[in-house]
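Please read the structure below before turning to the comments.
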Amino acid sequence: MYAGCKQYDFDQIESFWQRFWDKNKTFCVQEDPSKEKYYVLDMFPYPSGTGLHIGHPEGYTASDILARYKHARGYNVLHPMGWDAFGLPAEQHAIKTGINPATNTVNNISVFKKQMKRIGFAIDWEREINTTDPHYFKWTQWIFLQLFKHGLAYVDECPVWWCEGLKSVLANEEVIGGRSERGNFPVVRKNLCQWVLRITRYADKLLEGLSNVDWPDSTKRQQIAWIGKSEGANIFFKIDGHDEEICVYTTRPDTIFGVTFLVLAPEHPLIEKIVAPKFKDGVKKYVKDSQKKSDLERTDLAKTKTGMSTGAYAINPANGEKIEIWIADYVLASYGSGAIMAVPGHDKRDYDFASSYGIAITQVIDESSGDNQLPYVGDGVLINSGRFSGLSSEEARGKIVSWLREIKRADFAQNYKLRDWLFSRQRYWGEPIPIIWIKENDYKAAVANNKFYFKEFLPNEPISNGKDGITYCALPLCTNHLPLTLPPTDNYLPSGDGESPLAKIHSWLNVYVNIETGQIVPAEDFNEKDKNSSWILGRRETNTMPQWAGSCWYYLRYLSPHCETAIVDSNAINYWQTPDFYIGGAEHAVLHLLYARFWHRFLFDIGAVETGKEPFKKLFHQGIILGEDGTKMSKSRGNVINPDEVVNRYGADALRLYEMFLGPLDMMKPWSTKGIEGVSRFLKKVWNEYIDGDGNVRNFHENLSDECQTVVNETIKKVGNDIEGLKFNTAISQMMICLNSIQKAGGFDNASARNFLKILAPFAPHISEELWARLGNNGSIYDTLWPEYDGSKILPTHQKIIVQVNGKMRAELVIDDANMSEDAIFKLAINIGNVKKYIADKKILKKVYVNGTVVNFVVE
RNA sequence: GCUCGAGUGGUGAAAUUGGCAAACACGCCAGACUUAGGAUCUGGUGCCUAACGGCCUGAGGGUUCGAGUCCCUCCUCGAGCACCA
């Protein structure tokens, strides 16, 4: 069976084979212990309303080629796909149109799926998952509850951007210069109660894990920088005339003799206590002013540093010197202890500050190059540092801290830039957080009662939150209560008081909970007659999870997408483990890839997944495809290429081939409409080598020339190697070279005709299937094994040696005997006409021979 | 500012350990077949030069018999970080 057209009619061929694959479930896989597994993972798309972008098929084709190749190598290959479908665009569409985001999402997914099927990816669609499906997010909620139980989820009052004009909380990225990006309304800082995940507890594990993964260096570096671990010391400074002391964190304890002042962040709690009476007003004003400033203004490097003296003094524990305590907003409250020891001689920022306020600058490090320009921020030899003078910075760091530690004025310490993960969003279209808030007294009474139903996910310490003078505690739902689904509504706007739209849906919001039976009923349906001590009134958490939640563990769900009893079936995970290859855009270098590593590591630690510690062993980022004008594709520039139109015009095989031929996979590269004609022509040439003008299979040669056999075998070898190295552009050019020589030789022989299709199949599967079938084969070419090349055909029968004079190529020398002596080769080479000419009567100073490759005569 | 990455024909690009720079393709030029060509095939195509020949991998220097590849300085572009003490 095959499409049967006379000419290369890609439309007919491609739809025929897509139906064939669907009907025969060609790409569906099961665990098979007799075979080695290979798990290929794509970053799943957000199904936007605009359909597939031309960039999507780039990564998907690359992973598809690898998946098909690995399958041909005998692996049991899993290549699944799904939808990361929660998110803001669907919600905004709902606000505009009133159409439920779920409906809209289903439509978008069906468009995406149809488009992807048209490109012929070898995907096991039976494993399709959707993060907005309650069967899926039931387990996202379950993981949240595990985090909650293990003390890794807590609530905190966090400052967020509030926009009264939009009645909504905005993300940092949505605030530009103190106004909302959309609508240009003013925004203010507002403290809201937020869920936060304790990712910082995993900082060290997340850092260590990076040393065992095969990832792009730049991505590893980004994560390392994001985690931002530093080694240093906490040093305690006594305050003159007060009992309190100030703790500062420093990575440069070797510069402690150069401290000329301390600086506290304006938010530092000690300020009020220590400020000298005369300085009170100025300090108060400065603190107030800096609170008004946006983060952007405070961190603007261009501005000159400002600050204010507190009039208080601290004692340097190293030398007993009295130093002034300042406040300044260049010191961040959120890092370290919110206070620093300022060493203007050896820190750029302290130097700037000291210069503008006329504070002393002391040099305590001697720079080896000796120009002694301050501030000198590198390491060197200590000077003016008491008994530590003469030590190197490195040595001094250990010795000074050890000494201060003995007198209880310091301790070794580490610090991280990583902050805990703000996990709540005031949105409708996200996973509801499966928590009910109940009064603290009810909670305590329930916990004390041994009939308490809700023990499954109970943390050691209750998570509590005060509101209107009453303290509430977070009551976790149990597995039986999941999924907690989104209530229907037709109003997706935020409520206006900093809560999600869910806060307006009272029938969902207010519930009675039976703490002994676990029963939950809407408050409005509750029959007061039933009321007894087991029933308590609660209010559901109204925040939803951020979009990152669903993508944190989807690679696990693919392994057993229909499992109802666990996040992943244990047989399935024992077999498939974690992805062997993961491809997706570099824009997720820190967010998704860090969050997912955190969750995986957590699930590993609690024994929920029995795999390695890292979820993504090998990671690759495909480069962005630019518009034909070399700029980013965008509607406003009018340079957007629609994959559907490309498939209509050239076919899916041509699209696949072209996206891979464009250049190295990881590089940014511009699209070229002319360029695709080249690969389209190649496919037509392939067709014509197999099928004659009447649509019949050609007669192949009995034998192929030695030259052609060399090329064919080289091609089999190179294409295989290039796929393993993800160098698809050169693999394709090698296939073109091969076809060109076959064409010159007047056609294939039987064996090479079959082998060529097998290596083409991962790149252009439709035409390969069609021609394979026409050669008289049954079944899919997908199920054939990769051809072995014949190494003896590749070895050249004679050796070619390059002859150079003064390093410039002047001739080629062909020798039959690979073991010919050096002298004999020189003799042959020197007598070649063109070589003679360049040597002429000049004196030969040196003769170089590199075995089997090059001869070089050096003449005066 | 700091840290990475990149810079090769008209264009996208290719080039084991340092060993024929520009494979493969696009475009362009010429030709063949054609009523026709936006089809197909053949040949040509880095730059300078009439030619011999010379010069070419962002610029300059270095190491080497030999450098696109290694080292130093600088320029340009891209990415990331950005007062993290």
Side-chain angles (χ1 to χ4, degrees), chain A residues 216-226 228-230 232-233 248-253 255 262-263 265 298-303 305 328-332 334-343 346-350 352-353 377 415-419 586-587 589-590 621 623-624 628 630 657-658 661-664 666-679 681-682 684-685 688 721 727 729-740 743-744 800-812 844-859:
Chain A
D217 274 345
S218 61
T219 305
K220 279 198 205 181
R221 265 198 306 274
Q222 269 186 67
Q223 290 213 352
I224 291 168
W226 189 265
K229 181 175 184 171
S230 71
V248 306
Y249 174 73
T250 178
T251 56
R252 293 298 302 274
T255 61
L262 294 191
V263 189
R298 276 183 66 164
T299 57
D300 183 6
L301 277 172
K303 82 173 166 63
K305 293 183 171 40
D329 64 8
Y330 80 90
V331 173
L332 307 175
S334 57
Y335 184 81
S337 56
I340 61 156
M341 59 179 222
V343 186
H346 304 287
D347 182 280
K348 178 85 178 47
R349 297 148 301 181
D350 298 344
D352 291 344
F353 190 80
V377 299
N415 247 306
Y416 300 88
K417 290 188 200 174
L418 186 69
R419 294 279 153 273
E587 67 273 18
V590 279
H621 300 305
I624 296 168
E628 288 204 71
L657 219 45
Y658 183 58
F661 187 60
L662 221 43
D666 55 351
M667 270 194 355
M668 199 186 262
K669 53 226 161 210
W671 181 267
S672 156
T673 299
K674 286 282 185 193
I676 197 170
E677 308 260 3
V679 294
R681 236 169 261 169
F682 167 70
K684 282 180 210 158
K685 283 202 252 180
N688 289 330
N721 288 345
K727 296 188 325 194
N729 52 333
T730 52
I732 293 167
S733 82
Q734 182 63 38
M735 289 191 279
M736 288 172 168
I737 291 169
C738 183
L739 192 72
N740 288 345
Q743 205 175 23
K744 277 212 175 101
K800 198 175 80 176
I801 293 172
I802 303 304
V803 183
Q804 301 175 335
V805 178
N806 282 347
K808 287 210 161 61
M809 204 277 272
R810 295 304 180 190
E812 271 178 20
I844 295 176
L845 301 174
K846 192 168 183 179
K847 293 186 281 192
V848 179
Y849 174 58
V850 180
N851 199 22
T853 48
V854 75
V855 168
N856 191 11
F857 295 105
V858 184
V859 300

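Only the P atoms considered, B:rA14 is 12 Å distant from B:rA6, to the nearest whole Å. Rounded to a whole angstrom, the distance from the P atom of B:rA13 to that of B:rG62 is 32 Å. Atom name C1', nucleotides B:rG18 and B:rA82: the rounded distance is 39 Å, in whole Å. If you take atom C1' in B:rU73 and the same atom in B:rU63, they sit 15 Å apart, rounded to whole Å. Comparing B:rU57 with B:rG10, their P atoms are spaced 13 Å from each other, to the whole Å. The gap from the P atom of B:rA22 to that of B:rG58 amounts to 16 Å, rounded to the nearest Å. Between B:rG44 and B:rC26, the distance separating the two C1' atoms is 16 Å to the nearest Å. Comparing the P positions of B:rC77 and B:rC72 gives an interatomic distance of 23 Å, to the nearest angstrom.
A:V859 is linked by a side chain to side chain contact (heavy atoms under 4.5 Å, CB included) to A:V805, A:N806, A:I839, A:K842, A:I844, counting only residues two or more places apart in sequence or in another chain. Taking A:E677 as the reference, nothing meets the salt bridge (Lys or Arg N to Asp or Glu O under 4.0 Å) condition, with sequence neighbours excluded.
Across all strands shown, B:rU57 remains unpaired; no Watson-Crick or G-U wobble contact has both distances below 3.5 Å. Under the Watson-Crick or G-U wobble criterion, with both distances below 3.5 Å, B:rG43 is paired with B:rC29. Of the nucleotides present, B:rC75 is the one that pairs with B:rG7 by Watson-Crick or G-U wobble criteria, both distances under 3.5 Å. Base pairing annotation: B:rA50 forms no Watson-Crick or G-U wobble pair, as no partner gives both donor-acceptor distances under 3.5 Å. Within the shown strands, B:rG80 is the pairing partner of B:rC2 under the Watson-Crick or G-U definition, both distances less than 3.5 Å. When both pairing distances are held under 3.5 Å, B:rC24 makes a Watson-Crick or G-U pair with B:rG12.
Among the nucleotides B:rG19, B:rA14, B:rA15, the one closest to any side-chain atom of A:P664 is B:rA14. Nearest nucleotide to the A:W226 side chain, out of B:rC24, B:rG43, B:rC81: B:rC81. Checking B:rA85, B:rA25, B:rG19 against every side-chain atom of A:I340, the shortest atom distance belongs to B:rA85. Picking from B:rC41, B:rU40, B:rC65 the nucleotide with the shortest atom distance to the side chain of A:Q743 gives B:rC41. In this structure, of B:rG19, B:rG12, B:rU40, it is B:rG12 that holds the atom nearest to the side chain of A:P670. Considering only the side chain of A:D329, B:rC83 comes nearest among B:rA23, B:rA25, B:rC83. Considering only side-chain atoms of A:K744, the nucleotide from B:rG19, B:rG43, B:rA25 that sits closest is B:rG43. When each of B:rA85, B:rA25, B:rG19 is scored by its nearest atom to the side-chain atoms of A:F661, the top-ranked nucleotide is B:rA25. The side chain of A:S733 has B:rC24 as its nearest neighbour among B:rG19, B:rA85, B:rC24. Candidate nucleotides B:rC81, B:rA85, B:rG80 were compared by shortest atom distance to the side chain of A:Q222, and B:rG80 ranks first.
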Pairs: protein N or O with nucleotides 6-10 of chain B N or O, under 3.5 Å:
none

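Residue A:S230 is in sugar-phosphate contact alone, with no base atom involved, counting any heavy-atom pair closer than 4.0 Å across all strands shown. Residue A:I802 is classed as a base contact, given a heavy-atom separation below 4.0 Å to a base. Within 4.0 Å of A:T730, counting heavy atoms only, lie sugar-phosphate atoms of the nucleic acid but no base atom. Among the atoms of the strands shown, only primed sugar atoms or phosphate atoms (P, OP1, OP2) are found under 4.0 Å from some heavy atom of A:V858. A:K674 comes within 4.0 angstrom of sugar-phosphate atoms only, judged by non-hydrogen atoms across all strands, and of no base. If you check every strand for non-hydrogen atoms under 4.0 Å, A:M809 touches a base. Note on A:K685: only backbone sugar-phosphate atoms sit closer than 4.0 angstrom, heavy atoms only; bases stay farther off. If you check every strand for non-hydrogen atoms under 4.0 Å, A:F857 touches nothing. No contact: A:Q734 has no heavy atom under 4.0 Å from any strand. Within 4.0 Å of A:S672, counting heavy atoms only, lies no atom of the nucleic acid at all. Backbone-only contact: A:N729 has heavy atoms under 4.0 Å from sugar-phosphate atoms and none from a base. Using a 4.0 Å heavy-atom cutoff across all strands shown, A:Q804 reaches at least one base atom of the nucleic acid. No contact: A:E587 has no heavy atom under 4.0 Å from any strand. Nucleic acid contact for A:V331: base, since at least one base atom lies under 4.0 Å from a heavy atom of the residue.
A donor-acceptor pair under 3.5 Å links the side-chain atoms of A:Y658 to the main chain of A:S672, judged by distance alone. The closest donor-acceptor contact from the side chain of A:Q223 to the backbone of A:A589 lies under 3.5 Å.
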Would you please test A:V679 and A:M736 for side-chain contact (heavy atoms from CB on, under 4.5 Å) and show each step?
-> CA-CA 9 Å; A:V679 294; A:M736 288 172 168; 3.9 Å; yes
Report the C-alpha separation of A:Y335 and A:I340 in whole Å, then their side-chain angles, then the decisive distance to 0.1 Å, and conclude whether the side-chain contact (heavy atoms from CB on, under 4.5 Å) test is met.
-> CA-CA 10 Å; A:Y335 184 81; A:I340 61 156; over 6 Å; no
Evaluate side-chain contact (heavy atoms from CB on, under 4.5 Å) for A:V343 paired with A:T250, printing each intermediate quantity in order.
-> CA-CA 10 Å; A:V343 186; A:T250 178; over 6 Å; no
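Base orientation of B:rG9: syn (glycosidic angle within 90° of 0).
One atom, OH of A:Y330, and another, C1' of B:rG1, lie 17 Å apart when rounded to the nearest Å. Between the CG atom of A:N806 and the P atom of B:rG19 there is a distance of 19 Å, given to the nearest Å. A:K727 has its NZ atom 16 Å from the P atom of B:rA13, to the nearest Å. If you take NZ of A:K808 and C1' of B:rG66, they are 10 Å apart, rounded to a whole angstrom. When the C1' atom of B:rG12 is taken as reference, atom NZ of A:K669 falls 11 Å away, rounded to whole Å. Atom CG in A:D666 sits about 17 Å away from atom P in B:rG12, given to the nearest Å. Regarding A:I224, its CD1 atom lies at a distance of 21 Å from the P atom of B:rC2, rounded to whole Å. B:rU64 atom P lies 15 Å from atom CG of A:L845, rounded to whole Å.
Heavy-atom distances to RNA chain B give each of A:Y416 and A:G675 a nearest nucleotide, and the one nearer the 5′ end belongs to A:G675. Both A:S218 and A:D350 lie near RNA chain B, and the one whose nearest nucleotide falls closer to the 5' end is A:S218.
Side-chain atoms of A:I676 and A:F661, non-hydrogen and from C-beta on, never get closer than 4.5 Å to each other.
Counting non-hydrogen atoms of neighbouring residues, nucleotides and ligands closer than 6.0 angstrom, the NZ atom of A:K727 reaches no more than 12 such neighbours.
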